[in-house]
Protein chains: 2
Amino acid sequence: MTTRTAAQRHAEARASHRARSADCPTNRLLDRIGEKWVALVLKELAEGPRRYGELARTIAGASQKMLTQTLRRLERDGLLARTVTPAVPVRVEYALTPLGQSLVPVMRAVTRWAEENIDRIDVARETYDAHDAERRSQRS
Amino acid sequence: MTTRTAAQRHAEARASHRARSADCPTNRLLDRIGEKWVALVLKELAEGPRRYGELARTIAGASQKMLTQTLRRLERDGLLARTVTPAVPVRVEYALTPLGQSLVPVMRAVTRWAEENIDRIDVARETYDAHDAERRSQRS
DNA sequence: CAGCATCCCTTGAGATACTG
DNA sequence: CAGTATCTCAAGGGATGCTG
């Protein structure tokens with residue numbers, strides 16, 4: 001049976017596109033920096049090396065598990081370096097690599113735009129939600 | 001009992017921090033542009049207005065549900081405008097608003113960094129994974 | 001054409017308890 | 001101090017069928 005349904009063809013199109021999309025550098029980067037705690041970790045490390053405990057205190061919103069996971073993934077991507085000083089107790093320090101530092105200006109651009117325009121977004125949302133409520137009430 | 005355990009205090013600290021973090025403009029923006037299909041939609045609309053069907057074909061990787069959801073959220077945030085031309089059949093066109101256009105350069109900065117450095121990230125990952133495999137084999 | 005509604009499964013993320 | 005391991009639950013995202 002070489003015949004395929006439209007649904008099958010669509011699924012195949014999506015599958016192949018997904019593969020290409022997974023290769024797309026922009027999406028891959030956004031997957032990473034879009035993770036919940038990445039922006040905060042990068043922002044903190046942009047100001048200098050930090051010990052694990054310092055990060056945990058500064059980014060108090062992240063659970064220990066998420067913080068570790070975030071740090072590991074960033075380390076794996078070569079954006080930060082983890083240095084263990086074998087002492088008692090152990091001392092673990094995280095610092096941005098040159099690659100990680102080169103990302104800082106980009107993050108700053110995102111941050112600046114966000115701070116300058118978040119109000120406009122909020123206004124747009126309120127307007128949209130108000131109209132949305134209106135529409136709903138008219139239908140019912 | 002006014003006594004609270006360490007766990008309770010930590011939970012409270014996280015809760016209050018979560019509230020602040022949800023207010024953080026950068027995180028809110030990253031939540032939006034980090035969504036799976038947002039970057040592709042913005043990139044496409046940066047080149048001009050598009051009809052729903054055009055977007056669906058260009059961004060073939062997204063399911064219909066996700067594409068609609070993405071467009072609605074961007075519309076709600078005032079980043080794009082949806083124009084319905086009542087005809088038979090209906091014609092719906094999406095275009096960036098001025099606010100949406102002001103975000104384009106930021107997205108381009110992200111894209112450029114991603115394209116220039118994705119290779120370094122890949123190398124870092126391979127190195128990291130290789131060492132990881134080594135560590136695992138030594139333990140067992 | 002341009003969606004909406006529903007079902008279902010995978011993934012993200014928090015809580016909790018334990019360790020070198 | 002700086003983690004690891006496990007459980008659980010909610011959200012994200014896809015497949016499918018239907019509609020103005």
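Just so we're on the same page: letters track the sequence lines, and every chain starts at 1.
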- State whether the side chain of B:W113 and the backbone N or O of A:P105 hold a donor-acceptor pair below 3.5 Å, judged by distance alone. no

- Note on the structure: Of D:dT6, D:dG13, C:dG3, the nucleotide closest to the side chain of B:K65 is D:dG13

- Query: Where the side chain of A:Y52 is concerned, which of D:dG3, D:dT6, D:dG13 is the nearest nucleotide?
  - Reply: D:dG3

Roughly, in whole Å, what's the span from [atom1] in [X] to [atom2] in [N]?
| X | N | atom1 | atom2 | answer |
| --- | --- | --- | --- | --- |
| A:R73 | D:dG3 | CZ | P | 16 Å |
| B:E54 | C:dG3 | CD | C1' | 16 Å |
| B:K36 | C:dT10 | NZ | P | 14 Å |
| A:L67 | D:dC1 | CG | P | 14 Å |
| A:Q69 | D:dA5 | CD | P | 13 Å |
| B:M66 | C:dA2 | CE | C1' | 17 Å |
| A:Q64 | D:dT6 | CD | P | 15 Å |
| A:I59 | D:dA2 | CD1 | P | 14 Å |

- Where each residue is assigned the nucleotide of DNA chain D containing its nearest heavy atom, which of B:E35 and A:L71 is assigned the position nearer the 5′ end? A:L71

- Message: Grouping I, L, V, M, F, W and Y whenever their side-chain heavy atoms are under 4.5 Å apart, do B:L96 and A:V123 come out in a common cluster?
- Response: no

- Task: Among B:R72, B:R28, B:R32, find the residue that satisfies the side chain to side chain donor-acceptor pair (under 3.5 Å) test when tested with B:D77.
- Result: B:R32

Just so I know, are the side chains of [X] and [Y] near enough to count as touching, which here means a heavy-atom distance under 4.5 Å?
| X | Y | result |
| --- | --- | --- |
| B:V41 | B:L67 | yes |
| B:L71 | B:Y52 | yes |
| B:M107 | B:I33 | yes |
| A:R73 | B:Y128 | no |
| A:T111 | B:L29 | no |
| B:L45 | B:L79 | no |

- Message: Five pairs per end, C1' atoms only: what is the angle between the end axes of the helix from C:dC1-D:dG20 to C:dG20-D:dC1, to 10 degrees?
- Response: 60°

- Message: Please tell me if A:W37 has a side-chain N or O lying less than 4.0 Å from either OP1 or OP2 of C:dG12.
- Response: no

- For residues 80-97 of chain A, which residues have at least one heavy atom under 4.0 Å from DNA chain D? A:R82, A:P89, A:V90, A:V92, A:Y94

